[in-house]
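Keep in mind it's a predicted model, so treat the numbers as computed, not measured. Proteins get letters first, then strands, A, B, ... in listed order; numbering begins at 1 in each.
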Number of protein chains: 2
Amino acid sequence: MAADDLHLASAARLRASGQRYTSNRRAVVDVLAGADRPLTIPELLARRSLAQSSVYRNLAVLEDSGVVHRVTSTDEFARFELAEDLTEHHHHHLICSTCGAVADFTVSDGLEDALARTMANVAATGFRPEHHRLDLVGRCAACA
Amino acid sequence: MAADDLHLASAARLRASGQRYTSNRRAVVDVLAGADRPLTIPELLARRSLAQSSVYRNLAVLEDSGVVHRVTSTDEFARFELAEDLTEHHHHHLICSTCGAVADFTVSDGLEDALARTMANVAATGFRPEHHRLDLVGRCAACA
DNA sequence: ATTCGTGCAAATAGTTTGCAGCAGA
DNA sequence: TCTGCTGCAAACTATTTGCACGAAT
């Protein structure tokens, strides 16, 4: 997706939630769009000088509006990435069990289909699946 | 696995790490063995009256020794369960996106095989997979 | 006797929030 | 103008740690 379309789509989702697409929020989306993996707040602040509290607040707003997605790792930092339907890139995460680093990866369509079938089956138990989370946990190149 | 064998195996793993199997640690293993899902520290404390700091410290020791496993959800609480090779019950988690509740579930052997093949493929990239994590995120019965 | 575990209370750190000033509709 | 965003600093909360005492070898 082109950068302009991304911002247009982000603005639309915020507007749908009664929120504005301010320059700070645009900056957050920009930084996340330029990363090839989910970013922590310190990483985000290192790439764009913003008030920490505004970043926390804006990420919460962006998450509520479905523009960004929160990723959980093994360390104490929350990580954020753009929603998959904005990037049009369904992917999963490699998570380092030692340092908590997160990288993106994809799997075959066949496996994704199998996952989708599994989700449909579980729906019978009273649980309403929204999406799945397939992570590979192990040692990253730096920690191996 | 019988309760006695579980404690025997737990004691052996701790000893291998140069740690003792104290009554507090045994109590933690007991409580986790009696739960059908990962427990938070508050939940653990509610089931057995222990000092909070000891529970945190003992869970860290038990995790290092491979007796318990830490589970991450969407809320701010860490959750703990017995290691799969102690319970002999490979499973995955249903995670509520609203309240963070976690429940266990299993998938077909076919899907597990496909996951194993995927893990083998990713190994080529410099990442050394240790295990996979397949979670279904959605609304639990209480939050639906 | 010496090493390690325990429990209380204090410290730490990621995240959230109150508030006064500013900006956009 | 009026609502809501911003940024600073203070508050909040899960988790960690210092320390003195007790238990185990």
Side-chain angles (χ1 to χ4, degrees), chain A residues 7-8 10-31 38-65 67-80 99-102, chain B residues 7 10-31 38-65 67-80 95 99-102:
Chain A
H7 289 300
L8 238 37
S10 300
R13 293 197 185 183
L14 284 174
R15 218 174 307 113
S17 307
Q19 303 282 351
R20 299 173 187 164
Y21 196 45
T22 65
S23 61
N24 271 0
R25 292 171 186 173
R26 187 186 172 98
V28 168
V29 170
D30 251 342
V31 171
L39 298 182
T40 64
I41 274 94
E43 287 171 341
L44 223 156
L45 290 173
R47 284 165 174 70
R48 207 64 72 91
S49 188
L50 298 167
Q52 194 184 48
S53 62
S54 293
V55 171
Y56 274 105
R57 265 193 277 236
N58 286 329
L59 283 170
V61 169
L62 290 167
E63 190 183 7
D64 278 350
S65 306
V67 176
V68 312
H69 182 232
R70 180 187 302 254
V71 177
T72 299
S73 177
T74 56
D75 62 11
E76 62 269 59
F77 293 96
R79 284 170 169 76
F80 298 87
C99 72
V102 178
Chain B
H7 289 300
S10 300
R13 292 196 185 185
L14 284 174
R15 217 175 308 114
S17 307
Q19 301 282 352
R20 299 173 186 164
Y21 196 46
T22 66
S23 61
N24 270 2
R25 290 172 187 174
R26 186 186 174 98
V28 169
V29 170
D30 252 342
V31 172
L39 298 181
T40 64
I41 273 94
E43 287 170 340
L44 223 156
L45 291 172
R47 285 166 174 69
R48 206 67 70 91
S49 188
L50 297 167
Q52 193 185 49
S53 62
S54 293
V55 171
Y56 274 105
R57 266 193 276 238
N58 285 329
L59 283 170
V61 169
L62 290 166
E63 190 183 8
D64 278 350
S65 306
V67 176
V68 312
H69 182 231
R70 181 187 300 253
V71 177
T72 299
S73 177
T74 56
D75 61 11
E76 62 268 60
F77 293 96
R79 284 170 170 77
F80 299 87
I95 297 181
C99 72
V102 178

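Note on Ala78(B): only backbone sugar-phosphate atoms sit closer than 4.0 angstrom, heavy atoms only; bases stay farther off. Within the 4.0 angstrom heavy-atom criterion, only backbone atoms of the sugar-phosphate kind lie near Thr22(A); the bases stay farther away.
Listed candidates were dT6(D), dT16(C), dT6(C). Nearest to the side chain of Asn58(B) is dT6(C). The Tyr56(B) side chain lies nearest to dT15(D) when the options are dT15(D), dG14(C), dC8(C). Considering only the side chain of Gln52(B), dT15(D) comes nearest among dT15(D), dT6(D), dC19(D). Relative to the side chain of Glu76(B), the nucleotides dC5(D), dC8(C), dA14(D) differ in distance, and dA14(D) lies closest. Set against dA23(C), dT6(D), dG5(C), the side chain of Arg25(B) has dG5(C) as its closest nucleotide.
Closest-nucleotide positions on DNA chain C for Ser53(B) and Gln19(B) were compared, and the one nearer the 5' end corresponds to Gln19(B).
Expressed to the nearest 0.5 Å, how far CZ of Arg25(B) lies from CZ of Arg57(B) amounts to 10.0 Å. In this structure, the separation between CD on Gln19(B) and CG on Leu62(B) is 9.0 Å, given to the nearest 0.5 Å.
With rounding to whole Å, Leu59(A) atom CG is found 14 Å from dC5(D) atom P. Atom CZ of Arg20(B) is separated from atom P of dG5(C) by 6 Å (rounded to the nearest Å). In this structure, Leu14(B) atom CG and dT25(D) atom P are separated by 14 Å, rounded to whole Å. If you take CG of Leu45(B) and P of dA14(D), they are 12 Å apart, rounded to a whole angstrom. In this structure, Arg79(B) atom CZ and dT15(D) atom P are separated by 10 Å, rounded to whole Å. Rounded to an integer number of Å, the gap from Phe80(B) CZ to dT15(D) C1' is 10 Å. When the P atom of dG24(C) is taken as reference, atom CG of Asn24(A) falls 11 Å away, rounded to whole Å. Here the P atom of nucleotide dT6(D) and the CZ atom of Arg48(A) are 14 Å apart, to the nearest Å.
Here the side chain of Ser73(A) pairs a donor or acceptor atom with the backbone of Gly100(A) at under 3.5 angstrom. Judged by distance alone, with hydrogens and angles left aside, the side-chain atoms of Arg48(B) form no donor-acceptor pair with the main-chain N or O of Leu44(B) at under 3.5 Å. Using modelled atom types, no side-chain atom of Arg70(B) and backbone atom of Ala78(B) make a donor-acceptor pair closer than 3.5 Å.
A donor-acceptor contact under 3.5 Å links the side chain of Arg57(A) to the base of dG18(C).
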